[in-house]
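Below is one structure, written out as structure tokens; comments come after it.
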Number of protein chains: 2
Amino acid sequence: MAYCAPMPSHHPLPFDPIDRAAQLWQDRIGPAATMAAVTNIMRVQQILQSSVDAALRPHGLTFARYEALVLLVFSRQGSLPMNVMGQRLQLHPTSVTNIVDRLQADHLVERNGHPTDRRTTVVTITEAGRQRQKIATGALTDIDFGLVGLDDAQIAQLTALLTEVRRAAGDFS
Amino acid sequence: MAYCAPMPSHHPLPFDPIDRAAQLWQDRIGPAATMAAVTNIMRVQQILQSSVDAALRPHGLTFARYEALVLLVFSRQGSLPMNVMGQRLQLHPTSVTNIVDRLQADHLVERNGHPTDRRTTVVTITEAGRQRQKIATGALTDIDFGLVGLDDAQIAQLTALLTEVRRAAGDFS
DNA sequence: GACAAGTGGTTGGACGTCCTACTATTGGGA
DNA sequence: TCCCAATAGTAGGACGTCCAACCACTTGTC
């Protein structure tokens, strides 16, 4: 299926607003390279989030919920404790609660008690959840996850740079 | 001032969860490079947002509001119509309304009517707004905008890659 | 065994983003 | 001139994220 890139709803500017801001920053404040990189990450994330969510909306999912489904599909039993989900997805416990609430309301996952630790809640994906994940994965691969304009080598380069940032930030060890 | 990297509140994993997911994806679904890159962008954006917002919180700002202040400081008259702010910051009109509401509540900006077009609202930064922006800029440069682990060349490389994505997505022309 | 500290999860509130829908104003064309 | 499409901004709602606070349960220590 041909993928129509997510043109911004409001007419694009004839210049790069981030680059423009970086030039002004350089003139008035100082070195702008870091600021420009951070702003770029913020903006690209927003673009990707928008593209991905648009592709998932017809299937009643968001990227956050989709990630949770994938995590469960990849787990051995199709089930994980909520705190483990939070660690893997790098989410605050309240975000996990929020996401699981909505997945459960759509009957894509179930909540069950942990057999030995009564504090823990175990989330299990349902058959409907597995099917929904499969369909959503197709929708996302069709649009290349919204990531356009880079070849394979550049994508690998991007991943390497960002992984280094996460490592330096203590995301994992 | 020494900057303490934003260690995740929940103990870091001994492995990279994104890389782990990418391996499983490769085994079960197919090529995982794009998925890994997109997930990396999402996660790094989240880390940066957290670091930046933490640095700005003592000054009563968020990154979104800070960006709006910078945009106004860089403008000739210290004032811009709301729709122009939306174009430059790549924000939905409702987001601009939200941000300007809060900046105005803090007396950092003012709303005024446009002299000739009675539909448009012109936002003007106040003297307090200019001072606040200066202080906040110091707080952000102190922590390098939360971007850690890359040297100057890598930062430039990252910016180039992300700019290409934005160009391909039609963010500007 | 009892108590203190730590862990797992939820609730309520704040924030930023987007969408849909709406009002007010402008400007172009019949 | 008048109508209608386009534009500027706002209101209300949904979603995801975080924080602070809280309760239930577990674990370690005395």
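Protein chains get the first letters and strands the later ones, always in sequence-line order, with residue 1 at the start of each.
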Check: Gln23(A)/Asp19(A) side-chain N/O donor and acceptor closer than 3.5 Å: yes

Separation of dT10(C) C1' from Asp101(A) CG (nearest whole Å): 9 Å

query: Tell me: CE of Met82(B) to C1' of dT23(C), nearest whole Å?
result: 15 Å

message: Would you say Thr97(A) places a side-chain N or O within less than 4.0 Å of OP1 or OP2 belonging to dT10(C)?
response: yes

- prompt: Do the side-chain N or O atoms of Arg111(A) get closer than 4.0 angstrom to the phosphate oxygens (OP1, OP2) of dT10(C)?
  reply: yes

query: When you check the phosphate oxygens OP1 and OP2 of dA8(D), does a side-chain N or O of Thr120(B) lie under 4.0 Å from one of them?
result: no

message: Between Gln133(B) and Thr137(B), is there a side-chain donor-acceptor contact under 3.5 Å, judged purely by atom types and distance?
response: yes

message: In whole Å, I'd like the distance from the CD atom of Gln45(B) to the P atom of dT17(D).
response: 11 Å

- prompt: Within this structure, what is the CG-to-C1' distance between Asp53(B) and dC18(D), rounded to whole angstrom?
  reply: 9 Å

task: Let me know the distance between CG of Asn112(B) and C1' of dG9(D), rounded to the nearest Å.
output: 15 Å

Atom-to-atom span, CE of Met85(B) to P of dA8(D) - whole angstrom: 15 Å

field: Salt-bridge contact Arg132(B)-Glu127(B) (side-chain N to carboxylate O under 4.0 Å)
entry: no

- prompt: Is there a path of hydrophobic side-chain contacts, each under 4.5 Å between heavy atoms of I, L, V, M, F, W or Y residues, that connects Leu140(A) with Val73(A)?
  reply: yes

- line: Between NE2 of His114(A) and C1' of dT7(C) the distance, given in whole Å, is 13 Å

message: Is it the case that over 12 heavy atoms from other parts of the model lie below 6.0 angstrom from the CG atom of Asp152(B)?
response: no

query: Out of Thr121(A), Leu91(A), Ile99(A), Leu72(A), which residue meets the side-chain contact (heavy atoms from CB on, under 4.5 Å) rule with Met85(A)?
result: Leu72(A)

message: Using whole Å, what does the distance between atom P of nucleotide dT7(D) and atom CD of Gln87(B) come to?
response: 11 Å

field: Charged N-O contact under 4.0 Å between Asp171(A) and Arg43(B)
entry: no

- request: Any pair with a residue in residues 93-105 of chain A that passes side chain to side chain donor-acceptor pair (under 3.5 Å), sequence neighbours left out, goes on the list, sorted by first then second residue, please.
  value: His92(A)-Thr94(A), Asn98(A)-Arg102(A), Asp101(A)-Arg111(A), Gln104(A)-Arg111(A)

Atom pairs under 3.5 Å: protein N/O with N/O of nucleotides 25-29 of chain C:
{"residue": "dT25(C)", "atom": "OP1", "partner": "Arg118(B)", "partner atom": "NH2", "Å": "3.4"}
{"residue": "dT26(C)", "atom": "OP1", "partner": "Arg118(B)", "partner atom": "N", "Å": "3.2"}

Just the table, please: protein N/O against nucleotides 16-18 of chain C N/O, every pair under 3.5 Å.
{"residue": "dG16(C)", "atom": "OP1", "partner": "Thr62(B)", "partner atom": "OG1", "Å": "2.4"}
{"residue": "dG16(C)", "atom": "OP1", "partner": "Arg65(B)", "partner atom": "NE", "Å": "2.7"}
{"residue": "dG16(C)", "atom": "OP1", "partner": "Arg65(B)", "partner atom": "NH2", "Å": "3.1"}
{"residue": "dG16(C)", "atom": "OP2", "partner": "Arg102(B)", "partner atom": "NE", "Å": "2.7"}
{"residue": "dC18(C)", "atom": "OP1", "partner": "Gln46(A)", "partner atom": "NE2", "Å": "2.7"}
{"residue": "dC18(C)", "atom": "OP2", "partner": "His92(B)", "partner atom": "N", "Å": "3.0"}
{"residue": "dC18(C)", "atom": "OP2", "partner": "Ser95(B)", "partner atom": "OG", "Å": "3.0"}

- prompt: Taking Leu150(B) as the fixed residue, which of Leu162(A), Thr34(A), Leu161(A) is the one that meets the side-chain contact (heavy atoms from CB on, under 4.5 Å) rule?
  reply: Leu161(A)

